[in-house]
Structures are given as structure tokens and as C-alpha cells.
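Report on the structure given below.
Lettering of chains follows the sequences in order, A, B, ..., and the numbering in each one begins at 1.
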Number of protein chains: 2
Amino acid sequence: MPAALASKEEIIERLFTVFRDSGFDGASLADLSRATGLGKSSLYHYFPHGKEQMAEAVLSRAEALIGEAILGAANAPEPLKVRIRKIVATLEQIYAGGRASCVLGQLATSEIGAAARQSLRQSFEHWIDGIMKLADEVGMSPARARNFAEDWVAQLQGALTLQAATGNVGPFQRAMKALLHLANEDAGRRKTSAAVESR
Amino acid sequence: MPAALASKEEIIERLFTVFRDSGFDGASLADLSRATGLGKSSLYHYFPHGKEQMAEAVLSRAEALIGEAILGAANAPEPLKVRIRKIVATLEQIYAGGRASCVLGQLATSEIGAAARQSLRQSFEHWIDGIMKLADEVGMSPARARNFAEDWVAQLQGALTLQAATGNVGPFQRAMKALLHLANEDAGRRKTSAAVESR
DNA sequence: GTCTATAATAGGATAGAC
DNA sequence: GTCTATCCTATTATAGAC
């Protein structure tokens with residue numbers, strides 16, 4: 001049994017890891033109870049609506065995490081390169097170098113309630129907005145920046161899927177590199193961009 | 001209840017859709033029974049080892065599908081452009097224009113047995129091999145072709161995840177376009193490549 | 001707020017008739 | 001090969017003591 005918990009935040013943190021690793025259907029109350037060190041009844045004390053509400057809380061936490069780690073970081077008053085490096089460092093930590101799953105990806109295909117689904121959508125929107133902001137700064141048109149951001153987030157999600165299936169972290173690492181290299185991009189120097197890709 | 005079934009192939013086809021839409025844990029025997037029109041006992045007649053074996057059969061089917069639709073098509077004796085167009089057309093059909101899930105992605109993060117996991121891995125390897133073959137033909141070095149293929153498959157998987165969460169099929173469509181444009185690529189004309197990206 | 005105990009139900013799996 | 005009936009366990013959820 002894990003160490004005792006103090007706050008609801010810590011409880012949610014533990015629930016987070018279970019939903020991330022097992023998905024919604026794969027996470028049983030027994031699993032959630034074990035991970036938190038709380039009995040089922042105690043969990044129901046915090047989350048009267050049960051598992052569904054626990055997933056909502058976890059997704060709200062994910063939304064907040066993205067809000068600060070991506071969207072917030074992207075808008076921070078620091079040089080572009082610094083912000084990008086911070087975001088990449090955070091992502092490498094969250095996803096354990098590409099070996100951990102993403103709770104958003106895990107729950108995206110589960111049958112969850114409207115509230116949870118809304119958090120999920122918002123999380124991805126914030127994520128995309130943050131990356132879009134960075135792409136915008138290197139001179140991409142709004143449309144191109146939006147596409148770049150969507151595609152980059154998809155790249156990352158797919159990299160985690162591929163890793164789960166094959167154990168290969170290459171795609172994850174290249175996704176990180178692609179973001180780092182964004183700082184070297186410039187809409188007026190597309191050749192440089194191609195050269196970077198040829199790396 | 002769906003129409004009567006004739007062959008085991010058709011049964012597996014029906015099971016396929018359930019695992020694809022609900023994942024391993026999300027697919028109950030009741031669901032699988034309903035989708036096939038067979039009682040639970042009948043399913044056990046075909047698959048004595050139960051749900052696990054059904055998932056194995058579905059993943060074997062997926063492996064065969066990828067083998068012919070991607071790896072086979074990539075190696076067919078036809079012009080590159082034709083092969084690529086066929087692959088894209090097949091993928092657009094399989095994934096319903098980006099709105100359907102991928103059974104491989106769905107099962108990648110589930111706790112499945114060794115046999116199923118092996119099929120999953122093989123499917124992705126074949127998929128990557130097929131795309132790598134195409135990239136090789138436009139003059140990419142083996143290393144670059146391999147990376148391109150891995151990243152492209154990740155892109156597609158992530159596009160489906162993003163669609164599931166947000167309903168946006170843009171990433172899927174751009175992944176298809178990226179493959180179609182591969183035919184216009186050439187290792188000696190990297191500028192053209194960049195121009196295409198700027199589209 | 002946490003526990004033990006207990007429902008009530010759903011899930012996976014099997015027996016045996018036809 | 002398919003069905004009905006049944007079993008057993010896990011799962012979700014609640015009641016009520018402390």
C-alpha cells in the first residue's frame with residue numbers, strides 16, 4: 001500500500017496514474033483503492049458519483065497541467081528558445097522519455113460522460129493553442145501554425161501509441177526534436193527548414 | 001441482432017468492430033455476442049480460450065489486412081503513384097475518413113496476452129516496412145526512410161486519437177496528403193519538398 | 001474521514017440439452 | 001453448432017459502525 005495521503009490533490013494524483021496506465025474500463029475500483037491506499041468507501045466519500053467522477057477529476061487535473069505546462073509556458077515572458085526547452089523538458093518528464101502513456105489518449109476512446117469529454121477536448125485545445133502560439137512566433141501564417149500544432153500534437157500522441165505497441169521511443173524523441181528545431185525555423189527561410197528535416 | 005453469419009471469417013469481422021470501437025476491456029462478452037448474433041456459448045465453441053483468443057484472432061486479421069493493404073500494396077508491380085493512391089484509398093475506407101478508431105491503437109495500451117501482443121507488434125512492423133519501402137523509392141536513405149515511416153504511422157495513429165477527442169479530421173486528412181505528396185518527393189530536390197510543406 | 005460488511009449486478013466462463 | 005441455464009468471480013456501489 002502506498003504512503004498515506006494528505007490532500008485531495010494527492011488522491012487525484014494517484015488516480016491519475018491508474019487511469020493513465022489502464023484506461024477507463026481497465027481501471028477497477030480495486031485498482032484505484034490500492035493506488036490511493038483508501039478503501040472503496042473512502043473513495044466514494046470524495047467522489048460520490050464513483051469512477052466517472054474520479055475520471056472527471058483526473059481530466060480536470062490534466063487540463064490544468066496542460067494549461068500551465070504548455071499554454072502557460074508558451075505565453076511566458078521569456079525568449080522563445082527557453083520556453084520551448086521548458087515545454088520539452090516537462091513533456092519528457094511527464095511521459096518518462098516516451099515510455100509512459102498519456103491519460104488524454106487513453107480516455108479519448110472510452111465511453112465517458114459529457115463533463116469528462118469536455119475536459120478532454122479542452123485539454124487538447126489548450127495544448128494545440130500553446131504549440132500554435134510558438135509556431136506563430138517563428139513567422140508561420142495562422143492557418144499553417146494551426147495545422148502545425150494539430151499535427152505536432154497528433155505526432156506526439158501517435159508516438160506514445162507506437163511505443164506502447166513496439167517499445168520504440170524513436171518517434172517520441174523525434175517529436176521532441178521537431179519542437180526544439182522550431183526555434184530555428186523562420187517563414188522566410190524555408191530552405192533551412194528543409195535542411196533541418198534532412199538531418 | 002445482425003444478420004446470420006456463415007464463416008468464422010465473418011465472425012471475426014464482427015468481433016473486429018467491437019474491439020476497435022470499445023477496446024479490450026470495454027468489449028464485454030455481451031457486446032461480442034450481440035455483434036455476432038451468437039450466444040456466449042457459441043463464441044466459446046469457436047474460441048475456447050474466450051475473449052483473449054477472440055482478440056488474438058482479430059489482431060491476426062489486422063495483421064493480414066496490413067500485410068496485404070500496406071506491405072503488399074507497397075511492393076506491388078505498379079507505378080509508385082498508383083500504389084500510394086491505392087494505399088491511401090484503403091486507409092480512408094478502413095478509418096472512415098478519419099472518424100473510425102484503429103484496433104491496433106485501441107489494443108496497444110491494453111493488458112493482452114503474449115500472442116496478441118506479438119500480432120500487434122508485427123502489424124506495426126509490417127506497416128512501417130511498407131511505408132519505408134515507398135520512402136526508399138523516392139531516394140531517401142535507409143535511415144531517413146525508416147524514420148519517415150515510423151513518424152508517418154505515428155502521425156496517423158495520433159490523428160485518430162485527436163479525432164476521437166475533438167472530432168477534428170484535419171490531422172488525418174493531412175496525413176493522407178503527406179503520403180500522396182511523397183510521390184512528388186525526391187532526395188535531390190529538397191526545396192520542392194519544402195515548397196509542398198508550405199502549401 | 002475511514003473502515004467492515006454487504007448488497008446488487010455485470011462479467012467471464014462452463015455444462016449439457018438439442 | 002447453437003441454445004438455455006447456471007456458476008463463480010469481480011465490480012460497482014451503499015449502509016452503517018467507529
Please check if atom NZ in K81(A) has more than 12 non-hydrogen atoms from other residues, nucleotides or ligands closer than 6.0 Å. no

Quickly work out the F47(B) CZ to dT2(D) C1' distance and round it to whole Å. 15 Å

If you count heavy atoms of other groups shown closer than 6.0 angstrom to CD of E111(B), is the number above 12? no

Using atom names, set out every protein N or O paired with an N or O of nucleotides 9-13 of chain C below 3.5 Å, distance rounded to 0.1 Å.
unit_1, atom_1, unit_2, atom_2, d
dG12(C), OP1, K51(B), NZ, 2.6
dG12(C), OP2, L29(B), N, 2.5
dA13(C), OP2, Y44(B), OH, 2.5
dA13(C), OP2, K51(B), N, 3.4
dA13(C), O5', Y44(B), OH, 2.7

Within residues 110-119 of chain B, the residues having a heavy atom closer than 4.0 Å to DNA chain C are none

Considering all heavy atoms of both residues, which atom of L120(B) and which atom of A108(B) are nearest to each other, and what is their separation? CD2-CA, 3.5 Å

Applying side-chain hydrogen bond (donor to acceptor under 3.5 Å, both in side chains), which residue pairs with at least one partner in residues 113-124 of chain B are found, sequence neighbours left out? E63(B)-S119(B), Q122(B)-H126(B)

Can you tell me if S41(B) touches the phosphate of dG1(D), counting only side-chain N or O atoms and a distance under 4.0 Å to OP1 or OP2? no

Could you tell me which residues satisfy salt bridge (Lys or Arg N to Asp or Glu O under 4.0 Å) with K51(B), sequence neighbours excluded, listed by chain and number? none

Whole angstrom value for the distance that separates P of dT14(C) from CD of Q53(B): 11 Å

Within this structure, what is the NE2-to-P distance between H45(A) and dT2(C), rounded to whole angstrom? 7 Å

Going by side-chain hydrogen bond (donor to acceptor under 3.5 Å, both in side chains), name the pairs with one or both residues in residues 87-107 of chain A, residues two or more places apart or in two chains. Q106(A)-T109(B)

Would you write out the dot-bracket form of DNA chain D, 5' to 3', with Watson-Crick and G-U pairs under 3.5 Å, [ ] for crossing pairs, | for pairs to other strands and . for unpaired bases? ||||||||||||||||||

Under 4.0 Å between a side-chain N/O of S42(B) and OP1 or OP2 of dC3(D), yes or no? yes

In whole angstroms, how far is the P atom of dA10(D) from the CZ atom of R34(A)? 11 Å

Rounded to the nearest Å, what distance is computed from the CG atom of residue L43(A) to the P atom of nucleotide dT4(C)? 13 Å

Between E150(A) and N168(B), is there a side-chain donor-acceptor contact under 3.5 Å, judged purely by atom types and distance? yes

Do other residues, nucleotides or ligands put more than 12 heavy atoms under 6.0 Å from K133(A) NZ? yes

Measure the spacing between CD1 of I128(A) and CD of E125(A) and express it to the nearest 0.5 Å. 5.5 Å

Separation of W127(A) CH2 from L71(A) CG (nearest 0.5 Å): 12.5 Å

Ignoring hydrogens, what is the shortest heavy-atom contact between C102(A) and L160(A)? Give both atom names and the distance. CB-CD1, 3.7 Å

